[in-house]
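Would you mind keeping the following structure in view while I ask a few things?
Protein chains get the first letters and strands the later ones, always in sequence-line order, with residue 1 at the start of each. Note: hydrogens, waters and symmetry copies are ignored here, and every other heavy atom, side chains too, is used.
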There are 4 protein chains.
Amino acid sequence: MVKHIVSSVKDEKLIEQRREELQKGAVSLFKQKGFHRATTREIARAAGFSIGTLYEYIRKKEDVLFLVCDAIYDEVKARMEAVIDTQETSEEALHQAVKSYFQLMDDMQDEVLVLYQELKALPKDAQEYVLDKEKEMVTLLEKVIQNSYPALSEQELSIITNNIFIQGQMWGFRRWILQKEFTLKQYTDLQFDLLKSQLGQRAKNHR
Amino acid sequence: MVKHIVSSVKDEKLIEQRREELQKGAVSLFKQKGFHRATTREIARAAGFSIGTLYEYIRKKEDVLFLVCDAIYDEVKARMEAVIDTQETSEEALHQAVKSYFQLMDDMQDEVLVLYQELKALPKDAQEYVLDKEKEMVTLLEKVIQNSYPALSEQELSIITNNIFIQGQMWGFRRWILQKEFTLKQYTDLQFDLLKSQLGQRAKNHR
Amino acid sequence: MVKHIVSSVKDEKLIEQRREELQKGAVSLFKQKGFHRATTREIARAAGFSIGTLYEYIRKKEDVLFLVCDAIYDEVKARMEAVIDTQETSEEALHQAVKSYFQLMDDMQDEVLVLYQELKALPKDAQEYVLDKEKEMVTLLEKVIQNSYPALSEQELSIITNNIFIQGQMWGFRRWILQKEFTLKQYTDLQFDLLKSQLGQRAKNHR
Amino acid sequence: MVKHIVSSVKDEKLIEQRREELQKGAVSLFKQKGFHRATTREIARAAGFSIGTLYEYIRKKEDVLFLVCDAIYDEVKARMEAVIDTQETSEEALHQAVKSYFQLMDDMQDEVLVLYQELKALPKDAQEYVLDKEKEMVTLLEKVIQNSYPALSEQELSIITNNIFIQGQMWGFRRWILQKEFTLKQYTDLQFDLLKSQLGQRAKNHR
DNA sequence: GATGAATGAGGCTTCATTCAT
DNA sequence: TATGAATGAAGCCTCATTCAT
């Protein structure tokens, strides 16, 4: 459970449950109107409770945003961990990972969009807290790449991972252009091909 | 001049001038607080005139955002055109273009950030108008790449261009991670190296 | 027991007990923040029970104020009666009475302050009920003065008594000025001296 | 003009004027319902402007209370100064002063009541600021008394002045009892008589 | 009897926009 | 054309009170 946000309700189980309802509702609301345009009353209604009850579980409207961002990252991360094997060392494992990651980004485009748009509306400390979670996700990808191509220099590994990571996010974020030109499969295959060119090259160089 | 935004002032010269003051002020304001948190009064003050005068040159607060986004894209585009040679066909020309583009994204990180954050706050039609300008920028990069590597398939060209375009924007947008690990030069060199791996490979394949 | 406030609890003993806890907590709370700024939740907590339980013993927040004012007057009155002898007729008895009364006002400054500040927040009928208790206290003082100086006219007696009564209350209420200039003993002695001048004079006149 | 409260309006004259309207309306409102029960909208309406305009001249609801308290003290003080001659040394001058002061307290009972009830709702620093004004009023009375009875010790002078000051305020504050028993004239005459007894006595003692 | 989660009316305050000067 | 005072809709949040457990 998120320790950072104070609730006036005592029952921890209930807090967990209500906050989940809250996130669900809020994400779908923020997708439509964004955080700033959503009113607290709308947020409450979207979550299925009254404005009074909303404020039993948060202190400020901002807290909802934090909850949402936090939950999105948690879900993304959980699903990445479920789907990505950090032990395997084959090129095929990397292929799998990239496909899974891109699929995940496709599934969660709206959530990722919310993240991109609203993260900066959080107070600095909350931003950092949330971005730390992002780093863990990047690290996950990084491991997989390193397993398959252990010869990469630190910087090469880092920049390649970042590129992949970003390309996944952009699939949803720049859907207005990318999804017009490519299907997800095409996008995935093309990017993986390009990735292999880079990695193949690097592997040689470092041998 | 932007035709989309109505002003009650008649003198076109004046409109041009005032709107430039307006953009300048607004960008620096939006950098700090974002569009939603900036009040119209603050916008007016940042531009150096009164709230009443502000409303002589715009109709709604949203108009300011449009003006700003539009101006940013115009500036980015102008500077790209100034710096990128779409005639040259050498690999070196591409290298120059990438370096220049990344340098530009470094110069204008704050503006790009504003764009990323606030574009979605515009009404749909304004969004499209502005994104069309972005497409032109992408097209510019695309031409340079194609000049140097004419053998690329349409999709390869498109995705590679998009990747480069995005990597430039992310340099500023994800500065909290990228600029901790890399200097701009390192980032540029590494990305260009990776790009060459891809292009070299492709070039061969298609020959 | 106070008949005016309805409780949903049947057990009279319990009511008595809970209400005492309630008063104790509320007075100390009202001292700090005043009635209006104190929330019912804070009142409940200060009394040591839950918000639900609070509402078993009162009907409205206002009831708490009534309970508190009522209790304060009861305590003041009880302590005055314990300490003031209405039988004695000597000047010394009056001296004793004044000293005791001032001492009491010193002891209960905070309570008196609450009374002064919040009494007007009660509904009219409750105000009257409570002020009747105050009158009894004034009457007590009046008796003592009359015992010692039976020659005073009705109006003289009344005004002198009121003055003493007020001077006692003001010791606490205007502590920010009086308690900077005087110790309680000095204040008491000075006021008693002044009182004697008046009474001595009056006594002569009426003989 | 009160420097302590910020206004977003620039025209100082206007501020002065609007704030006066504000005080007038607010006092009469606070008389009826007290500060806490009066809503900001009621305050605005009582002053004759909209809620938006109200907030052009104050920052917080509390500011209204400050404005009101400050204005009351200013008026009381101005009227005392207009009516009390601090040069004269005759007993008659003192008589005049007391009569005028009591008359003033009669005229301004409601205002004084507001002061008594709500002063504690102000932030500490505002309280001090306002109470300093009260001290000046006490000082005024003190001078008159000292002029007529220069022989009084410092403490005697101080306590006697305080008593008079308080008796004036109480005439309005405890009207429910005092104004039932006395007319203003009676109250004034009786209190002045008592005062003379004290002063006469003291004068002798110190001669 | 005791608890505390749920409720929603209503309070305070902000701020985009208008309009008289 | 420029100004800035005026407006009020609408947002955020609190808190007295209720009621199911």
Side chain of D:Arg41 (C-beta onward), nearest among F:dA2, E:dA6, E:dT13
E:dT13
Reckon A:Ala38 touches a base, only the sugar-phosphate, or nothing at all at heavy-atom distances under 4.0 Å?
sugar-phosphate
May I ask you to say what B:Arg45 touches in the nucleic acid, namely base, sugar-phosphate or nothing, with a heavy-atom cut-off under 4.0 Å?
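Answer is nothing: B:Arg45 stays at 4.0 Å or more from every strand.
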Just how far, in rounded Å, is P of E:dT13 from CG of D:Leu54?
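For the pair D:Leu54 CG and E:dT13 P, the rounded distance is 9 Å.
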Cation-pi, A:Phe173 ring and B:Lys120 (6.0 angstrom, 45 degrees)
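Yes, a cation-pi geometry holds between B:Lys120 and A:Phe173.
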D:Glu56 atom CD is separated from F:dA5 atom C1', nearest whole Å, by 6 Å
Quick one: on DNA chain E, does D:Phe35 or B:Ile58 contact a more 5' nucleotide (nearest heavy atom)?
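This one resolves to D:Phe35.
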Can you tell me if D:Lys61 touches the phosphate of E:dG11, counting only side-chain N or O atoms and a distance under 4.0 Å to OP1 or OP2?
no
Parallel, tilted or perpendicular, as decided by the 30° and 60° cut-offs, for the rings of D:His36 and C:His36:
parallel
Whole Å only: how far is the CD1 atom of C:Ile51 from the C1' atom of F:dT17?
8 Å
With nearest nucleotide decided by heavy atoms, which residue, C:Gly52 or B:Lys10, maps closer to the 5′ end of DNA chain F?
B:Lys10
Between A:Arg18 and E:dA5, does any side-chain N or O lie under 4.0 Å from OP1 or OP2?
no
Could you state the CD-P distance from B:Glu12 to F:dT1, rounded to the nearest angstrom?
11 Å
So, is C:Thr40 near the phosphate of F:dC15, with a side-chain N or O under 4.0 Å from OP1 or OP2?
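Looking at the OP1 and OP2 atoms of F:dC15, neither is under 4.0 Å from any side-chain N or O of C:Thr40.
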Which residue lies toward the 5' end of DNA chain E, A:Gly48 or D:Arg59, if each is placed at its nearest nucleotide?
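Nearer the 5' end of the strand: A:Gly48.
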C:Tyr55 six-ring face occupied by C:Lys61 cation (under 6.0 Å, within 45°)
no
Only pairs with both distances under 3.5 Å count, Watson-Crick or wobble alike; so what is the partner of F:dA20 in this structure?
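When the pairing criteria are applied, E:dT3 turns out to be the nucleotide that pairs with F:dA20.
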With heavy atoms under 4.0 Å as the rule, sort C:Thr53 into base, sugar-phosphate or nothing.
base
F:dT14 OP1/OP2 closer than 4.0 Å to side-chain N/O of A:Tyr55
no
Look at C:Tyr57 and E:dA2 and indicate whether a side-chain polar atom (N or O) is within less than 4.0 Å of OP1 or OP2.
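Yes, because at least one side-chain N or O of C:Tyr57 sits under 4.0 Å from OP1 or OP2 of E:dA2.
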Relative to each other, are the rings of A:Phe35 and A:Phe30 parallel, tilted or perpendicular (30° and 60° limits)?
perpendicular
Quickly work out the A:Glu16 CD to E:dA5 C1' distance and round it to whole Å.
17 Å
Residue D:Ser50, side-chain atoms from C-beta onward, closest of E:dA2, F:dA5, F:dT7
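Within the option list, the nearest is F:dT7.
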Output the rounded distance in Å from CZ (B:Arg37) to P (E:dA16).
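The answer, rounded to whole Å, is 13 Å.
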Nearest whole Å is fine: how far is E:dT14 C1' from B:Lys33 NZ?
12 Å
Stepwise side-chain contact (heavy atoms from CB on, under 4.5 Å) check, B:Cys69 with B:Leu122:
CA-CA 9 Å; B:Cys69 293; B:Leu122 285 178; 4.3 Å; yes
Using a strict cut-off of less than 4.0 Å between a Lys/Arg side-chain nitrogen and an Asp/Glu carboxylate oxygen, indicate whether A:Lys31 and A:Glu111 qualify as a salt bridge.
yes
Expressed as a whole number of angstroms, how long is the span from A:His36:NE2 to E:dT14:P?
16 Å
With a cut-off of less than 4.0 Å, is there a side-chain N or O of C:Lys60 near OP1 or OP2 of F:dT17?
yes
Nucleotide opposite E:dC12 in a Watson-Crick or G-U pair, distances under 3.5 Å
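The answer is F:dG11, by the H-bond criterion.
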